[in-house]
Amino acid sequence: MRELRCLGAGEALLVLVLVLIQLGTALKCVCQLCANHTCETEAEGACWNSVMLINGKEEAVKSCLSPSELKGQVFCYSSRNVSKRNCCFTDFCNNETLHLYPQTASDGSSWGRLELAAVILVPSCLLCVGVVLSLCALQNQRCVHSKARKQDPEEPLDDQSLVSPEKCLKELIFDMSTSGSGSGLPLLVQRTIARTIVLQESIGKGRFGEVWRGKWRGEDVAVKIFSSRDERSWFREAEMYQTIMLRHENILGFIAADNKDNGSWTQLWLVSEYHEHGSLFDYLNRYTVSVDGMIVLALSIASGLAHLHMEIIGTQGKPAIAHRDIKSKNILVKKNGTAVIADLGLAVKHDSNSNAIDIPVNHRVGTKRYMAPEILDDTINMNSFESFKRADIYSLGLVFWELARRCSVRGIHEDFQLPYFDQVPSDPSVEDMRRVVCDQKLRPSIPNQWQSCEALRVMGKIMRECWYANSAARLTALRVKKTLSQVTVIKDVKE
Ligand SMILES: Nc1ncnc2c1ncn2[C@@H]1O[C@H](COP(=O)(O)OP(=O)(O)OP(=O)(O)O)[C@@H](O)[C@H]1O
Ligand SMILES: [Mg+2]
């Protein structure tokens, strides 16, 4: 309607009538994925224009919307700070570039000049483009050809060049990490992959959605499906995984994020590598581990967390990240016996220049059973990013305890239990946890027999040093990683 305000009453009426007529008919829209960069909607469809913040960079998508997509809840609304979407109903009405933040400050007085400039510049530009195009056509279409082949990042790609048919996921991800920004596949490639996944079976359900095993070009992938109600969580998790240089062998490999309409509502997809063993929680429930197996798992978890926590400075650097929901259900076990940290939906990033945390933090967001004492009794210093890393370390200690109990030495091991299983009910409240962890100062018990195995003795010592009530006294993830790698070194020397 803002555009209408700039027109006279007669012209506005004419535009309104045109809009109403076009509402019921097919539309032509700008489309980056389509031939000639144009698509045509079905009757009662719309043109779609969107921009999302991916790694702090605005990524725009323009296309046609079907009437059923139009009904979806996500396509036509914007969410604060993270995405802006616009549905419109006249031919090529999505031919403008949306921005999340105002590009330049403009006041009412500059409108007259802008309009004047537009009136002069637009026809002249069109004339120039016409002349250039005719010259190109005269030169045996060579000019047009080379222009289409030029690798301009702003130019949309066609379907074939988006995801070359013979590439497997590993190659795509490898290409991306060596040539791109080191953060994620381009948005259009992500969408193309997501739209060609065939879901196979549901493998789990969490707070924010359901996880499915899917197939993409014959390979297994995991698809976490969020409902449109949880758009913020979907966006946050996708955004976190695409943090520059986050990719690490002990962080779940992110593949794609997509919003997909199923006719009646919009499903938000997050596609990642699939690990058939499932979570560490699933794995430890099912199997015991050898001493080596325990150390490999513990070391890989500590390595993943150390990478998250570490700030890397420079253009190819990464911010420090605190996970805020470390638990055995949020760690997945790979085929080779190592682990990856998953579920970054609650994580926070630290901007060391401004010493700010990237989102307003809610202090009690994790899983109550794994919450550090300072979170339970609300004494955590939320102005310091270190506090969040220290709370992660406390939770890491609890995960190590779950793991070490399942380590089988000469056939002796404990059954699988969650931390504080013998102190609190199955779905404990913050109050239940606070009583045990803060008031009674209890921690999970460390069995005596762990003293007779060097690796278990070291694990027990690490746990205690992760659980200090005084968070400043806790180990860092890097320290835990170094101590565990020395256990393997000692073992290697003995062999
Ligand atoms: N990439 C994956 N590969 C294989 N299995 C997975 C993968 N991601 C998740 N799963 C399985 O799906 C289950 C559900 O995961 P999800 O993260 O939605 O919930 P959760 O971790 O169990 O609970 P919460 O919502 O508290 O985090 C996991 O416990 C795990 O068994
Ligand atoms: Mg989870």
Side-chain angles (χ1 to χ4, degrees), residues 250 277 279-285 287-309 322-334 337-343 366-367 369-373 389-409 412-423 437 442-469 471 473-488 490-491:
N250 305 117
H277 284 311
S279 67
L280 182 66
F281 172 87
D282 302 329
Y283 189 80
L284 296 177
N285 259 293
Y287 309 110
T288 58
V289 289
S290 64
V291 171
D292 284 5
M294 170 184 72
I295 294 296
V296 166
L297 278 167
L299 183 57
S300 57
I301 299 166
S303 303
L305 192 63
H307 182 69
L308 266 187
H309 281 185
H323 187 285
R324 300 205 299 164
D325 199 16
I326 293 287
K327 58 175 175 175
S328 51
K329 281 188 177 170
N330 285 344
I331 292 166
L332 301 166
V333 180
K334 292 209 253 188
T338 63
V340 294
I341 296 178
D343 275 77
T367 304
R369 187 182 292 275
Y370 291 82
M371 277 179 187
K389 296 207 282 184
R390 290 167 183 171
D392 277 352
I393 294 292
Y394 168 87
S395 317
L396 176 76
L398 297 180
V399 171
F400 278 10
W401 177 84
E402 291 171 68
L403 170 60
R405 279 175 66 92
R406 300 296 282 155
C407 177
S408 189
V409 181
I412 300 169
H413 54 262
E414 321 279 321
D415 57 346
F416 179 81
Q417 292 294 350
L418 286 171
Y420 305 107
F421 72 100
D422 47 356
Q423 310 289 336
V437 177
L442 292 177
R443 296 293 185 270
S445 63
I446 292 183
N448 285 336
Q449 68 267 22
W450 288 7
Q451 299 308 316
S452 53
C453 165
E454 174 62 9
L456 279 170
R457 193 190 59 75
V458 172
M459 284 287 280
K461 184 164 182 286
I462 291 175
M463 282 170 221
R464 279 200 216 91
E465 295 180 12
C466 290
W467 290 336
Y468 290 132
S471 67
R474 291 176 201 152
L475 299 173
T476 61
L478 207 56
R479 185 70 258 164
V480 174
K481 181 181 161 183
K482 283 187 181 152
T483 307
L484 285 170
S485 38
Q486 276 156 10
V487 175
T488 19
I490 292 167
K491 203 184 118 271

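Side chains are part of it too, since the values below use all heavy atoms of this structure and drop only hydrogens, waters and symmetry mates.
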Undergrad: Pairing donors with acceptors under 3.5 angstrom, does anything connect the side chains of Asp282 and Ser279?
TA: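 Short answer, yes.
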Undergrad: Is any side-chain heavy atom of Phe416 closer than 4.5 Å to a side-chain heavy atom of Arg406?
TA: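 Touching, per the 4.5 Å side-chain cut-off.
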Undergrad: Give the C-alpha distance, both sets of side-chain angles, the deciding distance and a yes or no for side chain to side chain contact (heavy atoms under 4.5 Å, CB included) between Trp467 and Ile393.
TA: CA-CA 8 Å; Trp467 290 336; Ile393 294 292; over 6 Å; no
Undergrad: Hey, could you give me the OG1/CZ distance between Thr476 and Arg390, rounded to the nearest 0.5 Å?
TA: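 Taking OG1 in Thr476 and CZ in Arg390, the distance rounds to 10.5 Å.
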Undergrad: Starting at NZ of Lys481, measure out to NE2 of His307 and round the result to the nearest 0.5 Å.
TA: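 The distance works out to 9.5 Å.
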Undergrad: Start with the C-alpha gap between Asn250 and Ile341, add the side-chain angles, then the distance that decides, and say whether side chain to side chain contact (heavy atoms under 4.5 Å, CB included) holds.
TA: CA-CA 6 Å; Asn250 305 117; Ile341 296 178; 5.8 Å; no
Undergrad: What pair of heavy atoms forms the shortest contact from Ala404 to Met463, and how long is it?
TA: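 Looks like CB-CE, 3.7 Å.
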Undergrad: Any non-hydrogen side-chain atom of Gln417 less than 4.5 Å from a side-chain atom of Trp401?
TA: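 The answer is yes, as the side chains (C-beta and beyond) meet within the 4.5 Å cut-off.
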Undergrad: Mind listing the closest non-hydrogen atom pair of Arg443 and Pro373 along with its distance?
TA: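 Residues Arg443 and Pro373, closest heavy atoms: NH2-CG, 3.7 Å.
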Undergrad: Apply salt bridge (charged side-chain N to carboxylate O under 4.0 Å, His left out) to Lys461 and list each qualifying residue two or more places apart in sequence or on a separate chain.
TA: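 In terms of salt bridge (charged side-chain N to carboxylate O under 4.0 Å, His left out), with neighbours along the sequence ignored, Lys461 is linked to Glu465.
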Undergrad: Closest approach of Asp392 and His323, non-hydrogen atoms and distance?
TA: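 Result for this residue pair: OD2-N, 2.7 Å.
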Undergrad: About how many Å separate CG of Leu478 and NZ of Lys389, when rounded to the nearest 0.5 Å?
TA: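 Answer for the NZ-CG pair, Lys389 versus Leu478, is 9.5 Å.
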Undergrad: With side chain to side chain contact (heavy atoms under 4.5 Å, CB included) as the test, would you mind laying out the steps for His413 and Val289 before giving the verdict?
TA: CA-CA 9 Å; His413 54 262; Val289 289; over 6 Å; no
Undergrad: Report the residues that fulfil salt bridge (charged side-chain N to carboxylate O under 4.0 Å, His left out) with Arg457, sequence neighbours left out, ordered by chain and then residue number.
TA: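 Expected list: Glu454.
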Undergrad: Write down the atom of Arg474, the atom of Ala372, and the distance for their closest heavy-atom approach.
TA: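 Of all heavy-atom pairs spanning Arg474 and Ala372, the closest is NH1-CB, 4.1 Å.
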Undergrad: Which residues pass the side chain to side chain donor-acceptor pair (under 3.5 Å) test with Tyr420, not counting sequence neighbours?
TA: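 Side chain to side chain donor-acceptor pair (under 3.5 Å) check on Tyr420 returns Tyr394.
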Undergrad: Check Asp415 with Arg405, please: is the shortest side-chain N to carboxylate O separation under 4.0 Å?
TA: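 Asp415 and Arg405: salt-bridged.
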Undergrad: Show me the side-chain donor-acceptor pairs of residues 445-453 shorter than 3.5 Å, one per line, residues at least two apart or across chains.
TA:
residue, atom, partner, partner atom, Å
Gln449, NE2, Glu414, OE2, 2.7
Ser452, OG, Gln449, O, 2.7

Undergrad: Rounded to the nearest 0.5 Å, what separates atom CG in Leu403 from atom CG in Leu456?
TA: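 Here the interatomic distance stands at 9.0 Å.
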Undergrad: Find the distance between OG1 (Thr483) and CG (Leu475) and round it off to the nearest 0.5 Å.
TA: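 One gets 6.5 Å once the value is rounded to the nearest 0.5 Å.
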Undergrad: Output yes when a side-chain donor or acceptor of Thr338 lies under 3.5 Å from a complementary backbone atom of Lys334, and no otherwise.
TA: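 Judged by distance alone, no pair lies under 3.5 Å.
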Undergrad: Any chance you could lay out the side chain to side chain contact (heavy atoms under 4.5 Å, CB included) test for Val437 and Leu442, step after step, and finish with the verdict?
TA: CA-CA 5 Å; Val437 177; Leu442 292 177; over 6 Å; no
Undergrad: Output side-chain donor-acceptor pairs under 3.5 Å for residues 293-305, partner residues at least two apart or in another chain, one line each.
TA:
residue, atom, partner, partner atom, Å
Ser300, OG, Val296, O, 3.0
Ser300, OG, Leu297, O, 2.9
Ser300, OG, Ala339, N, 2.9
Ser303, OG, Leu299, O, 2.7

Undergrad: Please tabulate, one pair per line, all N/O donor-acceptor pairs under 3.5 Å involving side-chain atoms of residues 325-333, not counting sequence neighbours.
TA:
residue, atom, partner, partner atom, Å
Asp325, OD1, Thr367, N, 3.2
Asp325, OD1, Thr367, OG1, 2.7
Asp325, OD2, Arg207, NH2, 2.5
Asp325, OD2, Asn330, ND2, 3.1
Lys327, NZ, Thr367, OG1, 3.0
Ser328, OG, Tyr370, OH, 3.3
Ser328, OG, Glu402, OE1, 2.6
Asn330, ND2, Asp325, O, 2.9

